[in-house]
Every structure is written in C-alpha cells, then in structure tokens.
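Remarks on the structure that follows.
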Amino acid sequence: MAKFLQVKNLSAGYKFNNVTVQAVRNVSFDLKEGEFLGIAGESGCGKSTLAFAITRTLLSPGKIFGGQILINGKDILSLKEEEVRKIRWKEFSIVFQASMNVLNPVMKIKEQMYDAIIYHGHEYGKNLKKRAEELFEFVNISPKYLDAYPHQLSGGMKQRVVIAIALALNPKLIVMDEPTTALDVVVQRRILQEVDRLRKTFGFAVIFITHDLSLLVEISDTLAIMYAGEIIEKANSREIFSNPLHPYTFGLMNSFPPLMGKRKRLHGIAGHPPDLSKQIKGCSFFERCSKRINGKCDVIEPKLVEIERGHFVACNLYAKCYKESTEYGIRASN
Amino acid sequence: MKYILNKTAFFFITLWVAITINFILPRLMPGNPALAMIARYKGRISIQALHSIEVAFGLNIHQSIFQQYFSYLDRTLTFNFGTSLVYYPSTVAEEIAIHMPWTLGLMGITTVISFIVGTLIGIRAAWKRNSALSSSSVVISLFLNSVPYFWIALLFQYILGFVLGWFPISGAYSLIQSKGINMIGSIIYHAILPASTIFITSMGGWILTMRNNMIDELSSDYAIFAYAKGLPEKRIDYNYVARNAILPNFTQFAMAIGFIVSGALLTEMVFSYPGIGYLLYQAVIGLDYPLMQSLFFFITVSVLVANFIMDMLYILIDPRVRVE
C-alpha cells in the first residue's frame with residue numbers, strides 16, 4: 001500500500017527563556033494508508049509533542065526545530081498557515097488528550113460539528129443535518145444529542161462526539177493522543193474497538209498514542225516505543241510483544257501482569273528518564289539500562305536500524321545497529 | 001425554571017433586607033430630620049409646624065417602631081418619600097424624577113459604550129498578544145485604571161474647558177439654547193467632557209479583564225481543537241474564545257450598570273451636572289434625610305435590578321445555567 005505519511009528526521013520541542021527542551025529528537029517513520037500505528041511510552045517522552053507536530057498544531061512556545069512531515073508527498077511544514085488550514089480535517093484530524101474539554105461549552109454540539117464541515121466548503125455542507133446524524137450513528141450515539149450542549153453528556157459520550165467530529169470529512173489519517181485517558185477501562189476498550197471498526201469500514205489510518213501498552217498490543221498493526229523523544233523500537237505489534245529487542249521495551253512488557261499463570265513479582269524500570277533540556281550523549285536509556293556496556297553505550301548514540309525483517313531497534317547491543325551508528329557518528333563528526 | 005424561581009426569590013429577599021436596613025440606619029443616628037430642620041430655621045419654628053414636619057417626613061415619634069416600620073414600607077412601595085428639606089417644598093419623588101434622566105443618559109450611555117469598546121480592544125489585544133497594540137494597551141489601561149478619577153476629570157475640565165475653552169466646564173445644557181434641536185445639540189455638547197472622562201477611566205478595566213480572560217481561554221483545549229479543525233481565525237476568535245471569555249465580564253457589567261446611579265457622584269460634583277450624584281451631594285451637605293434615604297433606596301434597587309436582569313440574561317448566554 002502507498003505511504004500516506006512520512007516523517008523524516010523530525011525534531012520538535014519547546015523554547016522559552018533560553019531553555020530549549022528537545023521533546024522529539026530525530027524521529028522518522030512511515031505510515032501506510034489504513035495502517036493502525038500505536039505509539040507508546042511513559043509520560044514526558046514526547047508522544048504528545050509528536051502528535052501536535054504531525055498535525056501542525058504545536059503552538060508557541062512549542063516549536064519544530066527540523067525535519068519533514070510529508071503528507072501524500074507534500075511537506076506540510078513548508079506550507080503557509082492558510083494552506084494548512086484548508087487541508088486540516090480533510091486530510092488529517094486529531095483527537096486530543098483531554099477530550100472532555102475540547103468541546104466549546106457554550107455552543108451546541110451540532111454547530112461545532114457543522115463548523116468543521118462548513119469552513120472547508122465540503123460537499124457534506126449541502127446537507128449538514130443528515131451528515132451529522134450519520135456520524136452520530138457511526139459512533140453509536142442517539143442523534144437527539146446533536147441539539148445538546150457538551151455539559152449534558154457524559155465523559156464517554158463526549159469522547160464519541162469528538163471522534164464523530166474527527167470523522168466528519170472522511171480524513172485519511174486520525175491522530176489520537178491518549179483519547180481515553182480519563183475514562184474507565186471498560187469504556188476505554190469499547191471506544192478503542194469502535195475506532196478499529198470504523199477504521200476497517202472507512203479505511204483511514206490511525207496514529208494512536210498512549211502510555212497504556214496493554215491497550216495497544218492487540219489492536220494495532222504496528223507498534224512504536226518512544227523513549228526520551230526518540231523511537232527506540234518499532235515492529236509489528238505481535239512481534240514486539242513476543243520478542244522485544246530493546247531492554248526498555250522488555251522492561252515495559254514486564255511491567256504489567258499477565259491474566260493467567262503463576263503469581264510473580266513485577267519489576268519496574270528503576271530510575272528516571274533523562275532531562276530533555278540537556279544534551280544527551282550516547283544512548284538515552286544508558287542510565288537505567290540493565291544491559292549497558294560502558295565505553296560503548298555512553299559514547300555511541302544508537303540509530304534506529306532494521307535488525308530483523310520489519311523490526312527496527314535502536315540499541316548498541318545489536319551488532320548491526322552498533323556498526324551503523326558508529327559509522328553515522330564518524331560521518332557526523334567529520 | 002428552578003433557576004428563575006431561585007433568582008427571583010433571591011431578588012425579593014435581598015430587596016426586603018435592603019429596604020429594612022435603609023429603615024434602621026437613619027434611626028441609629030443621633031437627632032432626626034425634624035431637629036435638623038429646627039436648626040436650619042434657628043429655632044424660629046412653632047411646635048405645630050415641627051409636628052407637621054415630623055408627620056410629613058414619617059418620623060412620628062409617638063408611634064411604636066413597628067407602626068413606623070409598616071408605614072415606612074407602605075410609603076416606600078408607593079414612592080411616597082415625603083418632602084425634601086433642601087429643595088423644600090418640592091417632594092423627594094419630584095426631585096428624583098427631575099435628576100434621574102440626566103444621570104441615566106450620561107452614565108448609562110457612557111458605561112455601555114465603554115464596555116463594548118473596551119471588550120473589543122481586549123479581544124484584539126489578546127489575539128495579537130505580542131503586538132505593539134497589545135503591550136501598549138496593557139500599560140495604558142493600567143495607568144488609566146489606577147489614576148484617581150477626579151484628577152482626570154479636573155485635568156480635562158481645566159485644560160479642555162478652562163484653558164482652551166473648547167467645552168463648557170459645567171452644567172448639562174445651555175440656558176440660552178433651550179428649544180428643539182439646539183437643545184439636543186447643547187446637551188450633547190455639555191455631556192462630551194464628563195462622558196469622555198468616565199469613558200477613559202472605566203474602559204481600561206474592561207480592556208484588562210477581557211484581555212486576560214481571552215488569553216486564558218485561547219490556551220484552552222476547545223480553542224486548540226477549533227484551530228485543529230481548520231476554522232478561520234475570526235471564527236475561533238469570536239465564536240469560540242471571546243464567547244467564553246466574556247462571561248465573567250457580564251457579571252461585572254451588571255455591577256457597573258447597577259452603580260450607574262451612585263457612580264456619577266464625582267463626575268457630577270466636578271462638572272456640576274444636575275444628576276442623581278449631584279442631588280446626593282446636596283442631600284448630604286444639607287442633612288436632607290428624606291432625600292438621602294430615598295436615594296440610597298434607589299441605588300440599592302438599581303444594583304439589585306441590574307443583577308437580576310443579568311441573571312436572567314445568563315440563561316441566554318451560558319447554557320450551563322439552564323439546569324433542568
């Protein structure tokens with residue numbers, strides 16, 4: 001399938017009072033049409049910044065420092081604001097972390113939905129009401145709530161409304177940034193399954209960002225693990241689950257309990273992620289890694305390299321990765 | 001519906017409390033208006049005359065306090081406030097009827113214009129947060145908001161009215177031009193100076209609060225979501241952000257409307273403008289208790305009524321108060 005989105009060497013972060021925080025560091029990945037990519041990582045690893053950067057909604061003091069974001073081969077970072085505005089919601093939409101608060105409290109839900117359609121001069125504009133009712137049916141909400149105000153809905157319903165709005169113009173990509181964080185696990189799962197069902201019906205691609213790895217493993221095609229602003233491992237989600245290569249991924253996989261089997265003590269990952277406002281030398285996971293090799297990992301910054309077919313990892317434990325990273329390091333220093 | 005009943009009940013209870021306090025307060029003060037009247041006439045007043053004054057002012061000391069209270073309530077609710085001392089023999093009601101339109105015209109119009117203009121500038125200043133307009137508006141607003149009003153008023157009066165002679169320094173209209181269109185022109189001409197001083201000093205507050213509310217709301221999730229939806233700037237600015245940012249200002253606006261009646265005190269003193277504020281000033285220096293008491297009554301009622309109206313308007317502008 002064709003590549004819909006290509007992210008190349010993207011660096012982004014925040015800049016204020018002469019402090020620069022590199023929240024996304026040199027991230028590259030591709031997304032095929034209709035693909036479900038899960039991005040997981042702990043809080044503060046740059047997941048949300050990545051989501052904002054991809055959709056070009058990273059507002060001041062947020063800043064994109066470098067790289068390219070190609071949508072259908074067109075770099076959206078080089079477009080003018082008005083040009084981006086026109087393709088927003090048509091090509092890609094975004095569902096935010098705090099979906100409870102993303103609806104304007106003083107406007108009727110249908111007006112907020114109509115807004116997205118009207119201001120893009122879309123053909124659905126001819127029959128707004130019909131389209132709105134259709135969208136509500138997709139996400140299993142009674143169309144009578146179109147006339148409601150946001151405060152009259154429950155948290156789960158607001159979430160569905162936001163997803164319905166995100167679907168309004170049939171975008172080819174929906175970026176979901178922890179859309180189910182404030183909901184209980186039952187509702188989380190139901191919404192996730194609904195998203196998956198809709199994706200299969202309409203064929204849009206999804207980038208699903210969460211810190212809850214268990215939620216992603218069964219539903220996403222591809223899984224990317226982020227740490228300290230970088231993607232450190234990326235593979236088919238079943239593959240990553242059964243055969244984690246990076247010590248960090250391994251630690252993550254072992255930090256939630258299995259439903260069946262013997263009781264055993266879980267081990268978290270000791271330590272804290274590095275300070276992203278400082279330069280990081282060598283591997284960003286060095287301080288916390290149980291398999292680190294002194295003199296190797298604290299010197300060479302590992303690059304994301306395809307170790308096995310479709311399985312990318314950035315870790316110096318793997319000879320191929322170490323070799324390429326070293327060569328890259330030497331090239332860069334020359 | 002429950003909200004409306006709640007607010008209506010609240011309105012009437014506060015009104016009753018205010019009227020009652022207005023009854024108690026003058027009776028806690030030493031002396032009474034009748035004695036003040038005697039002092040005014042330097043004792044050359046007969047016992048019969050004194051008694052008739054007491055009856056006229058509703059200060060019949062031979063009645064019990066409850067009888068006084070109920071007759072006070074009766075007179076208040078029928079707008080029978082007795083006779084003014086300073087403007088004797090006019091009744092208090094007549095004097096208020098003469099002075100009220102001037103205050104309402106001058107202060108009312110100025111307050112509304114200042115609210116609208118200040119809010120619009122606040123919206124622009126917040127949207128273009130880093131522009132020169134925005135930064136300077138904050139400094140200027142803070143300055144205008146913190147200088148004493150009478151100082152600005154006196155400065156304007158002295159420079160524009162006295163030194164340059166562009167505007168009349170006192171009064172509400174010229175006694176020479178008192179017919180038809182000339183009269184209206186003259187009223188506007190006389191109102192410019194007092195109105196502009198009120199406008200300038202009160203607008204700063206609206207700019208500041210609106211700008212701050214806007215900046216808060218601009219970083220809210222729904223504003224960013226509206227931006228991500230690809231809505232044009234204007235749509236986000238007015239229908240999403242300003243629509244929410246203005247809500248707290250509406251309450252403040254209700255207060256300002258309520259205080260129109262009393263707030264004109266300084267303006268009307270400085271410019272000798274024949275409104276309620278001027279009347280209150282005269283009442284205070286003339287120890288005119290009936291007039292004072294009824295003016296306090298009107299000030300209280302206007303604040304309460306303005307708040308009540310705003311509470312009702314809130315139903316329209318904020319769907320969240322429409323709780324079933």
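First the proteins, then the strands, lettered A, B, ... as listed; each starts at 1. All values derive from a computational prediction rather than experimental measurement.
- Listed here is the closest heavy atom pair of B:Phe225 and A:Phe96: CA-CE1, 3.5 Å.
- When the candidates A:Ala116, A:Pro105, A:Ala166 are compared by the number of heavy-atom contacts under 4.5 Å with chain B, A:Pro105 comes out ahead.
- Heavy-atom neighbours of B:Met255 CE from other residues, nucleotides or ligands within 6.0 Å: at or below the threshold of 12.
- Rounding to the nearest 0.5 Å gives a distance of 9.5 Å between CD of A:Gln112 and CG of B:Leu231.
- A donor-acceptor pair under 3.5 Å is formed between the side chain of A:Arg85 and the backbone N or O of B:Gly230.
- Contact annotation: the side chain of A:Val106 approaches that of B:Pro319 to within less than 4.5 Å [non-hydrogen atoms, C-beta and beyond].
- Here B:Arg235 pairs with A:Asp115 in a salt bridge; the nearest charged N to carboxylate O distance falls below 4.0 Å.
- Of the listed residues A:Asn101, A:Ile165, A:Ile118, the one with more heavy-atom pairs under 4.5 angstrom with chain B than any other is A:Asn101.
- With a 4.5 Å cut-off on non-hydrogen atoms, B:Ile317 touches chain A through its backbone but not through its side chain.
- Once rounded to the nearest 0.5 Å, the distance linking NZ of B:Lys229 with CZ of A:Arg88 reads 13.0 Å.
- Other residues, nucleotides and ligands place more than 12 heavy atoms under 6.0 Å from the OH atom of B:Tyr238.
- By the neighbour-count criterion of 12 heavy atoms within 6.0 Å, atom CZ of B:Phe10 is sparsely surrounded, having that number or fewer from other residues, nucleotides or ligands.
- Looking at heavy atoms from C-beta onward, A:Leu103 lies out of side-chain contact with B:Tyr222 at the 4.5 angstrom threshold.
- By a heavy-atom distance cut of under 4.5 Å, not one residue of residues 138-148 of chain A is near chain B.
- Between B:Arg320 and A:Tyr149 the shortest side-chain heavy-atom distance does not fall below 4.5 Å.
- In this structure, the portions of A:Thr57 lying under 4.5 Å from any heavy atom of chain B include both its backbone and its side chain.
- Geometrically, A:Arg56 does not engage B:Tyr227 in a cation-pi contact defined by less than 6.0 Å to the ring centre and at most 45° from the axis.
- For B:Phe11, the CZ atom counts as densely surrounded, since its 6.0 Å shell holds more than 12 non-hydrogen atoms of other residues, nucleotides or ligands.
- Both the backbone and the side chain of A:Ile94 come within contact range of chain B, judged by heavy atoms closer than 4.5 Å.
- Between chain A and the residues B:Leu247, B:Asp318, B:Asn239, B:Ile224, the most heavy-atom pairs under 4.5 angstrom are made by B:Ile224.
- Of the inter-residue distances, the one linking B:Asp221 atom CG with A:Asn104 atom CG reads 12.0 Å to the nearest 0.5 angstrom.
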